[in-house]
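Pasting in a structure now, in structure tokens, and then I'll have a few things to ask.
Remember, it's 1-based here, ligands and their atoms both numbered in the order they're listed.
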Amino acid sequence: MIKVRFPPSPTGPMHIGTARTLLVNFLFARKNGGKIVFRSEDTDRERSTPEFEKELRDGLDWLGLDFDEGPFRQSERDEIYEKHFEELKKSDAIYPCFCSTEELATERELQNAQKLPPRYSGKCRDLSAEEIAEFEKAGRKPVWRFRVPAGEIKFDDLVRGEISEKGENIGDFVIRKSDGQFLYHFTVVVDDAEMAISHVIRGEDHISNTSKHILLFEALGRPVPRFGHLPLLLNKDRSKMSKRDESGKPATIERLKNDGYLSEAVVNFLALLGWNPGGGSEQEFFSRDDLIAKFDFNGVAKAGAVFDLERLNFFNAHYLRELSNEELAEKVKPFLDFEIDDEDVLKKAVKLAAERMKFFGEAREFLHYFFGEIDPPVELFENPKMKVDRTTAAEALTESLPVLKAVENWTTEEIQKSLLELVTKLEWKNGQLLWPLRVALSGEKFSPGVWEMAEVLGREKSLQRIRKELDKLKK
Ligand code: GLU
């Protein structure tokens with residue numbers, strides 16, 4: 001039975017790297033008919049909050065990553081940890097350590113000076129019962145350390161193949177603090193064992209933890225799961241991607257959602273970070289079902305995966321163009337801060353905007369001029385490069401009015417045809433007619449094409465805007 005876990009720590013928003021790890025767990029489980037457990041790893045009591053847990057859950061919902069068991073919270077499982085702790089105590093796999101913070105710091109300085117890796121010296125490893133009683137009498141509260149045995153620890157990583165580590169290189173690590181709190185290495189192994197996790201799939205930053213975890217599984221007499229470590233996400237300059245991405249914005253799922261990316265695009269993009277379907281396939285666009293069908297660990301790269309915002313934009317643009325006018329209009333609304341006075345105009349305008357915007361957060365600049373009144377400054381009509389001044393702009397608008405009035409079917413094609421015929425008749429350059437029309441219809445320097453815009457606005461509104469600007473130019 002395949003079983004994986006979603007084990008986020010609710011100490012902050014969902015990082016893009018976390019989302020990628022959870023997605024790989026999801027794809028692997030769903031592909032193999034396995035189960036997914038949600039477990040909130042909230043042992044860090046100061047930094048964990050219910051709000052962050054909710055945000056993580058919302059992020060999962062948004063990405064469409066559902067789970068089968070849980071939510072479990074580590075903060076509610078002390079009894080279970082206590083039971084296993086007693087077990088380890090009985091088998092002498094752990095021991096109390098009374099070293100003070102100062103003693104440990106001195107030890108570390110010494111190791112630094114000798115260029116040795118920092119590691120607990122093992123000073124309290126073999127305290128006698130009398131020595132322990134002595135410390136306790138003096139009121140000292142111990143931490144509990146795991147007694148790391150000498151010898152080789154090996155595992156066959158799903159991504160990186162065989163990895164091994166010498167027990168001699170791992171210091172006896174703390175599993176319980178002196179205030180009684182259990183620590184990550186211990187809780188994660190107890191939970192993975194209790195929840196019968198078969199595959200632990202996580203980021204490469206956890207590789208060095210895995211040998212410790214294997215030792216703990218063995219000490220608890222539990223089967224060791226398979227491990228797979230995913231390559232890290234990198235910035236374009238190949239530095240490790242941290243809290244912010246290259247654009248300086250938070251590298252979180254919440255930010256992508258708030259910027260108005262489509263979750264289909266984000267999932268497609270995340271899946272391809274460090275994974276490809278192999279077999280020389282050039283497929284780029286994958287639906288969730290497609291990803292589930294094709295996911296395989298053979299396609300996961302060992303090298304770090306570069307997070308490229310341009311590529312996310314490319315995927316988003318693709319999925320935007322696949323939406324119908326109605327879907328686009330519905331989805332874009334939360335991103336607009338002006339009144340929509342005409343639903344039909346919105347449906348057509350957003351379809352037009354979808355050809356150029358990268359995500360809904362940009363929609364405003366592509367849409368606002370379709371609604372309400374516009375009032376461009378007269379200077380905007382002047383464009384020396386196109387040989388347009390106020391007089392010729394007024395002329396252009398004057399000439400356009402009867403031509404547009406006469407267009408039989410108000411479609412992009414017919415509007416275009418009529419206006420181009422007018423340009424030919426006047427022996428002008430396109431820009432001399434189209435620049436003033438663009439400004440009159442949009443009030444902007446940059447906008448969709450004049451005929452597309454005119455169609456969306458409708459004949460009445462288009463003519464009304466042109467007349468109004470003509471009046472301004474003639475003053
Ligand atoms: N809670 C850990 C984290 O968020 C996950 C650790 C694990 O996958 O074992 O990094």
Closest approach of any protein heavy atom to atom 10 (O) of ligand 1, naming residue and atom: His206 NE2, 3.2 Å

Distance from atom 6 (C) of ligand 1 to nearest protein heavy atom, with residue and atom: Tyr184 OH, 3.2 Å

Arg356 charged N/C atom sitting above Phe366 aromatic ring, 6.0 Å / 45°: no

Nitrogen or oxygen atoms of Pro7 and ligand 1 under 3.5 Å apart: yes

Where ligand 1 meets Val188 - atom numbers and elements under 4.0 angstrom, heavy-atom basis: 9 (O)

Atoms of ligand 1, numbered as shown, that sit under 4.0 Å from any heavy atom of Glu41: 1 (N), 2 (C), 5 (C), 6 (C)

Main-chain N/O of Ser242 paired to His15 side chain as donor or acceptor, under 3.5 Å: yes

Closest approach of any protein heavy atom to atom 8 (O) of ligand 1, naming residue and atom: Arg5 NH1, 2.9 Å

Per-atom contacts, ligand 1 versus Arg202 - under 4.0 Å to a heavy atom: 7 (C), 8 (O), 9 (O)

Electrostatic pair Arg202-Asp192, nearest N-O below 4.0 angstrom: no

Heavy atom of the protein closest to atom 4 (O) of ligand 1 (residue, atom name, distance): Ser9 OG, 3.5 Å

Residue pair Phe26 / Leu63, side-chain heavy-atom distance below 4.5 Å: no

Check: Ile175 and Phe182 side chains under 4.5 Å, non-hydrogen atoms: no

Parallel, tilted or perpendicular: rings of Phe98 and Phe135 (30°, 60°): parallel

